[in-house]
Amino acid sequence: MPSTNTSPRTSLTGLMLVAPALAVVILLFVVPLAGSVTGSFATPEGPGLGNFRKAFELYWTDMVFSVVIILISTALIVLIAIAIAGYLTLGNNPWAVAALRWLYRWPLFVPFIVVGQILRTFLAKNGLMNSLLVNADLLSPLQAVSFLDWRGIVIAFVWKQMPFVTLLTAGAMASLDRSTIEAARNLGASRLRILLEIVVPQVAATLLVGAVLSLVTMMSVLSVPLMINAQSPTMITADMAFRINSYGDYGVANALGLLSLAFTGAVAWIYLKQTMKENAR
């Protein structure tokens, strides 16, 4: 029988191969995370919860606002991704499918800061959207309103993250066994029923992955709330930047960051728990 013992030289070689990647993870993730966690408990009086109390006193409304905005954006992203990926999978018009497949990916290559600038120009009271509506006689100049508030943040997040989730979902739908879809069509099922009752349940795990990754990404964006929503309430990321830039208050900023991490960690834990349940079946 072949020996299962690993020689010291082989172990050393494996360690040397892993060492660069491990060093990058430790230096760029573990060390900053540890510094942020310890910094959130550091106060002038010594270790304590003072930074968290101050964060809740000053920014409780912004915390709720951030969670609501992220959840609304995630739900809309999932719904739109299902609609687009569903048409790419079940659509009968090849020209429409090709055009949609070409168009929906564009925001993937646009940075968040550019998204903020584009939508700030588009959604302003005198922006492109209202100008088009006024020129089309669908709106009077006095009826024009600015969308540079929570609605603008939601639009920016959905526009930027929707292609990513759609790409994952469309790929998962394309890999499905077409026999069940064709059988449902032969039995007279509509495309909407096929999508909701046959296709979506089979790609639910992929949708969940895309939703979780998008949620974590949106929770970390600073440029969009700063450029679109210059009022209160605002996102936690803007509060963190304000505490550092205006007061040099890294303690409260770290506390807000740790609370954001707790929220995204809870979402990730729910996802991992659901995945483990499905794998155990």
Side-chain angles (χ1 to χ4, degrees), residues 59-87 100 103-133 138-139 143-170 207-242 256-257 259-264 266-268 270-271:
Y59 302 114
W60 169 249
T61 304
D62 291 352
M63 295 177 194
V64 176
F65 177 82
S66 299
V67 172
V68 171
I69 289 295
I70 295 300
L71 293 179
I72 291 174
S73 301
T74 303
L76 291 175
I77 288 168
V78 170
L79 291 176
I80 297 173
I82 290 174
I84 296 177
Y87 189 81
L100 187 60
L103 286 173
Y104 86 87
R105 304 181 188 184
W106 283 11
L108 277 173
F109 309 99
V110 182
F112 268 108
I113 190 169
V114 179
V115 171
Q117 180 58 35
I118 290 173
L119 292 183
R120 183 175 178 83
T121 304
F122 185 75
L123 299 175
K125 185 174 182 179
N126 297 319
L128 180 60
M129 180 183 70
N130 286 326
S131 297
L132 292 174
L133 293 175
L138 298 175
L139 195 71
Q143 293 174 321
V145 296
S146 172
F147 277 70
L148 299 180
D149 50 21
W150 68 270
R151 295 169 295 183
I153 297 177
V154 171
I155 292 171
F157 283 158
V158 172
W159 187 75
K160 179 67 176 73
Q161 287 300 120
M162 175 270 300
F164 171 72
V165 181
T166 302
L167 191 63
L168 293 178
T169 307
L207 268 173
L208 185 58
V209 171
V212 171
L213 293 177
S214 294
L215 185 147
V216 173
T217 300
M218 292 184 293
M219 199 68 186
S220 65
V221 175
L222 172 62
S223 56
V224 168
L226 283 181
M227 300 178 72
I228 291 181
N229 184 39
Q231 55 190 350
S232 183
T234 188
M235 302 287 291
I236 293 179
T237 49
D239 294 330
M240 294 167 65
F242 175 74
L256 290 170
L259 292 170
S260 301
L261 180 62
F263 171 66
T264 55
V267 173
I270 295 172
Y271 160 69

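- Other residues, nucleotides and ligands contribute at most 12 non-hydrogen atoms within 6.0 Å of the CH2 atom of Trp150.
- The stretch residues 218-242 participates, sequence neighbours left out, in these ring-ring contact (aromatic ring centres under 6.0 Å, His included) pairs: Phe242-Tyr247.
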side-chain contact (heavy atoms from CB on, under 4.5 Å) between Leu119 and Ile155, intermediate numbers included: CA-CA 8 Å; Leu119 292 183; Ile155 292 171; 4.1 Å; yes

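- Leu167 is listed as a side-chain neighbour of Tyr104, based on a closest heavy-atom distance under 4.5 Å.
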Audit row: Gln161, Leu213, side-chain contact (heavy atoms from CB on, under 4.5 Å) steps and yes/no: CA-CA 9 Å; Gln161 287 300 120; Leu213 293 177; over 6 Å; no

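- Between the side chain of Ser214 and the backbone N or O of Ala211 there is no donor-acceptor pair closer than 3.5 Å.
- In terms of heavy atoms, Gly210 sits closest to Leu168 at CA-CD1, 3.9 Å.
- Rounding to the nearest 0.5 Å places CD1 of Ile84 at 4.0 Å from CE of Met162.
- Interatomic distance, Ile69 CD1 to Asp62 CG, rounded to the nearest 0.5 Å: 11.0 Å.
- Considering CD1 of Ile113 and CD1 of Ile118, their distance stands at 11.5 Å, rounded to 0.5 Å.
- Atom OG1 of Thr237 and atom CG of Leu226 lie 6.5 Å apart (nearest 0.5 Å).
- Looking at heavy atoms from C-beta onward, Phe65 lies in side-chain contact with Ile153 at the 4.5 angstrom threshold.
- Closest approach of Val224 to Ala156, counting heavy atoms only: CG1-CB, 3.7 Å.
- The two residues Ile228 and Gly116 have their closest heavy-atom pair at CG1-O, 4.1 Å.
- The two residues Asp149 and Arg151 make their nearest non-hydrogen contact at OD2-NH2, 2.8 Å.
- Checking side-chain atoms of Asn130 against main-chain N and O of Ala144 turns up no donor-acceptor pair under 3.5 Å.
- Residues passing the salt bridge (Lys or Arg N to Asp or Glu O under 4.0 Å) test with Arg105, sequence neighbours excluded: none.
- Listed by first then second residue, pairs satisfying side-chain hydrogen bond (donor to acceptor under 3.5 Å, both in side chains) with a partner in residues 222-236 read Asn229-Gln231, not counting sequence neighbours.
- Side-chain contact between Ile70 and Met235: present, with at least one pair of heavy atoms (C-beta onward) separated by less than 4.5 Å.
- Using a 4.5 Å heavy-atom cutoff, the side chains of Val115 and Phe157 are not in contact.
- A heavy-atom distance below 4.5 Å is found between the side chains of Leu256 and Met63.
- Taking NZ of Lys160 as the start and CE of Met218 as the end, the distance is 11.5 Å to the nearest 0.5 Å.
- Atom-to-atom distance recorded for Thr74:OG1 and Leu215:CG is 4.0 Å, nearest 0.5 angstrom.
- With contacts defined as side-chain heavy-atom distances shorter than 4.5 Å, the pair Ile236/Leu259 does not qualify.
- Put simply, the side chain of Thr166 does not reach to within 4.5 Å of the side chain of Ile80, judged on heavy atoms.
- With hydrogens and angles ignored, the 3.5 Å screen pairs no side-chain donor or acceptor of Asp239 with any backbone N or O of Tyr59.
- Side chains of Ile82 and Leu207 form a contact here, defined as non-hydrogen atoms less than 4.5 Å apart.
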